Amino acid sequence: MKKFLLFTFITTLFSLSAFSQVYTNAESAEYDAINGRWLVSNGSNIIADDGQGNVSLFGNGSSNSGMEIIGNYLFALQNKDIKVYDLNVDEEVAVITVETAGFLNGLASDSTSLYATDFSQKRVYKIDVSDLENPDISIIVPNTEDTPNGIVYDEINNRVVWVSWSMNAPIRAIDLETNEVSILAETELSNYDGIDNNANGDFYVSTWNPTQITKFDNNFENPEIITVPFVLEMPADLGYSKELDTMAIPMFDTVAFVGFEPIILDTMMMDTMMMDTMMMDTIDTFIPF
């Protein structure tokens, strides 16, 4: 049976935070609903971005890869370390070191635990952070086969789903009740970077080969290419805000915010061509997948 991809145009507003003097290594984005801002890992620092062109430093925080928020805490990866920041004061309150890790890359969470991919050791870790002073660290996937990158928690199916930085990489998951690892989708996509999901249980993934954002339903069927009105360059670890129904796409020297509902965003950088593109209806063009 042939599979097909549907090209879908985003028909709502978007904003670009194009501050080359600020963003030098924008890798991962996480929405802080407590303070109404996006937090973006940027290598030697973390940037607070309101999605409308206003940015500032997040305290003295730093992170070079994935980030997640649980309650009032931001968890940010830095090589083997998971740095913990209090969102109420923007200060570091703890550091969790995963001694056996190589390079922690992607980060996901449920209400009590973090799930981290180890890019170099090809593992998935579970870190129970319900007690920050005594975190419980375990390896739940000792061999991911491909090089794991972005990861997300799927509450609907109680599983963790990850994508890999590999050629023709399948999308895999681990069932958190049985610890069974399965392949959810075989694809011809390569060099996956990020993955996140919306409130409906749909998944969005970013790839570098080809450079695109692809949407899957909860069964990882019916993939759609999301066509955005700007040039995608090295889309990294996606962040999806369920509160705003908005996706952040870090691209190293810039971050794009794409709204899937009519929300107020900065449109100062949109020209007439972009406006015309955004107002196009979904087109019925299909390509083999």
Side-chain angles (χ1 to χ4, degrees), residues 22-35 37-49 55-142 144 147-153 160 162 165 174 176 193-196 236-239 248 250 252 255:
V22 174
Y23 285 122
T24 57
N25 192 29
E27 169 63 26
S28 179
E30 184 78 0
Y31 184 66
D32 172 13
I34 295 173
N35 297 290
R37 61 186 175 178
W38 291 89
L39 299 175
V40 182
S41 63
N42 191 50
S44 60
N45 53 42
I46 297 173
I47 303 296
D49 192 323
V55 298
S56 61
L57 288 176
F58 174 78
N60 294 319
S62 64
S63 175
N64 60 6
S65 50
M67 300 195 304
E68 276 290 308
I69 290 175
I70 300 178
N72 294 324
Y73 296 105
L74 170 70
F75 298 84
L77 298 180
Q78 190 85 31
N79 303 321
K80 291 186 177 184
D81 291 337
I82 304 173
K83 298 189 174 186
V84 188
Y85 299 94
D86 187 332
L87 293 172
N88 294 312
V89 292
D90 294 1
E91 292 181 358
E92 182 180 301
V93 293
V95 178
I96 301 169
T97 300
V98 183
E99 297 289 354
T100 57
F103 175 66
L104 298 177
N105 195 352
L107 196 62
S109 67
D110 56 25
S111 59
T112 60
S113 297
L114 299 168
Y115 302 91
T117 58
D118 188 332
F119 192 85
S120 58
Q121 301 288 347
K122 296 185 178 181
R123 295 171 176 166
V124 176
Y125 285 89
K126 178 180 180 179
I127 305 99
D128 187 329
V129 291
S130 54
D131 181 356
L132 280 178
E133 294 183 359
N134 298 286
D136 182 35
I137 303 173
S138 60
I139 299 172
I140 59 172
V141 182
T144 58
T147 303
N149 205 335
I151 189 169
V152 65
Y153 173 65
V160 172
W162 70 90
W165 186 262
I174 179 170
L176 296 177
D193 200 319
I195 181 171
D196 211 341
D237 192 12
L238 304 176
F252 292 91
V255 179

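Along the sequence shown, residues are numbered consecutively beginning with 1. Please read these numbers as outputs of a predicted model, since none were measured by experiment.
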Margin query: Can you tell me how far apart CG (Leu87) and CD1 (Ile70) are? Round to the nearest 0.5 Å.
Written below: 11.0 Å
Checklist line | Within-4.5 Å side-chain heavy-atom neighbours: Val255 and Ile47 | finding: no
Note to self: Tell me which one of Asn134, Asp136, Ile137 satisfies side chain to side chain contact (heavy atoms under 4.5 Å, CB included) with Asp128.
What the structure shows: Asp136
Checklist line | Verdict with supporting geometry, Val141 and Ile139, side chain to side chain contact (heavy atoms under 4.5 Å, CB included) | finding: CA-CA 6 Å; Val141 182; Ile139 299 172; 5.8 Å; no
Notebook entry, point to check: Can you tell me how far CG of Asp131 sits from OG1 of Thr112, rounded to the nearest 0.5 angstrom?
Noted result: 12.0 Å
Margin query: Please report the interatomic distance CG(Asp118) to CG(Leu104), rounded to the nearest 0.5 Å.
Written below: 5.5 Å
Check: Shortest non-hydrogen contact from Asn105 to Glu27?
Finding: OD1-OE2, 4.3 Å
Item checked: Shortest non-hydrogen separation from Ser28 to Ser65 and the atoms involved -> CB-O, 3.2 Å
Check: Looking only at heavy atoms, which two atoms of Ile151 and Ile195 are closest? And how far apart?
Finding: N-CG2, 3.4 Å
Notebook entry, point to check: In terms of heavy-atom contacts, does OH of Tyr73 have more than 12 from other residues, nucleotides or ligands at under 6.0 Å?
Noted result: no
Next item on the list: Grab the two heavy atoms, one from Pro148 and one from Phe119, that are nearest each other, plus how far apart they are.
Entry: O-CD1, 3.3 Å
Margin query: Once salt bridge (charged side-chain N to carboxylate O under 4.0 Å, His left out) is applied, what residue pairs with a partner in residues 82-98 remain, sequence neighbours excluded?
Written below: Arg37-Asp90
Next item on the list: Indicate the atoms forming the closest heavy-atom contact of Tyr85 with Gly61, along with that distance.
Entry: OH-CA, 3.3 Å
Check: How long is the gap from OG on Ser63 to CD on Glu30, to the nearest 0.5 Å?
Finding: 11.0 Å
Item checked: Shortest non-hydrogen contact between Thr100 and Gln121, atoms and distance -> O-CG, 4.2 Å
Notebook entry, point to check: Between Val84 and Leu132, is a side chain to side chain contact (heavy atoms under 4.5 Å, CB included) present by the stated rule, with each step listed?
Noted result: CA-CA 9 Å; Val84 188; Leu132 280 178; 4.1 Å; yes
Next item on the list: Report yes if the side chains of Asn64 and Phe103 come closer than 4.5 Å at any heavy-atom pair, otherwise no.
Entry: yes
Margin query: Is it the case that the side chain of Thr117 and the backbone of Gly106 share a donor-acceptor pair, with hydrogens and angles ignored and the cut-off at 3.5 Å?
Written below: yes
Check: Do Val160 and Val152 touch side chain to side chain, with heavy atoms closer than 4.5 Å?
Finding: no
Next item on the list: Any chance you could measure Leu39, atom CG, to Ile46, atom CD1, to the nearest 0.5 Å?
Entry: 7.0 Å
Next item on the list: Find out whether Leu114 and Tyr125 are in side-chain contact, i.e. whether some heavy atom of one side chain is under 4.5 Å from a heavy atom of the other.
Entry: no
Margin query: Does any part of the side chain of Trp38, heavy atoms only, come nearer than 4.5 Å to the side chain of Val55, both counted from C-beta?
Written below: no
Item checked: Nearest-0.5 Å distance that lies between atom CG in Leu77 and atom CG in Leu107 -> 4.5 Å
Check: With side chains defined as the heavy atoms from C-beta onward, is the minimum distance between Thr144 and Arg123 less than 4.5 Å?
Finding: no
Item checked: Full working for side chain to side chain contact (heavy atoms under 4.5 Å, CB included) between Ile96 and Asp81 -> CA-CA 6 Å; Ile96 301 169; Asp81 291 337; over 6 Å; no
Item checked: Lys80 atom NZ: more than 12 heavy-atom contacts under 6.0 Å -> yes
Note to self: Check the orientation of Tyr115 and Tyr153. Use parallel for under 30°, tilted for 30 to 60°, and perpendicular for over 60°.
What the structure shows: parallel
Item checked: Side-chain donor-acceptor pair present, Asn45, Ser62, cut-off under 3.5 Å -> no
Checklist line | Phe75 vs Ile127 side-chain heavy atoms within contact, under 4.5 Å | finding: no
Note to self: Could you walk me through whether Trp162 and Ile174 satisfy the side chain to side chain contact (heavy atoms under 4.5 Å, CB included) test, starting with their C-alpha distance in whole Å, then the side-chain angles of each, then the deciding distance to 0.1 Å, before giving a yes or no?
What the structure shows: CA-CA 9 Å; Trp162 70 90; Ile174 179 170; 4.0 Å; yes
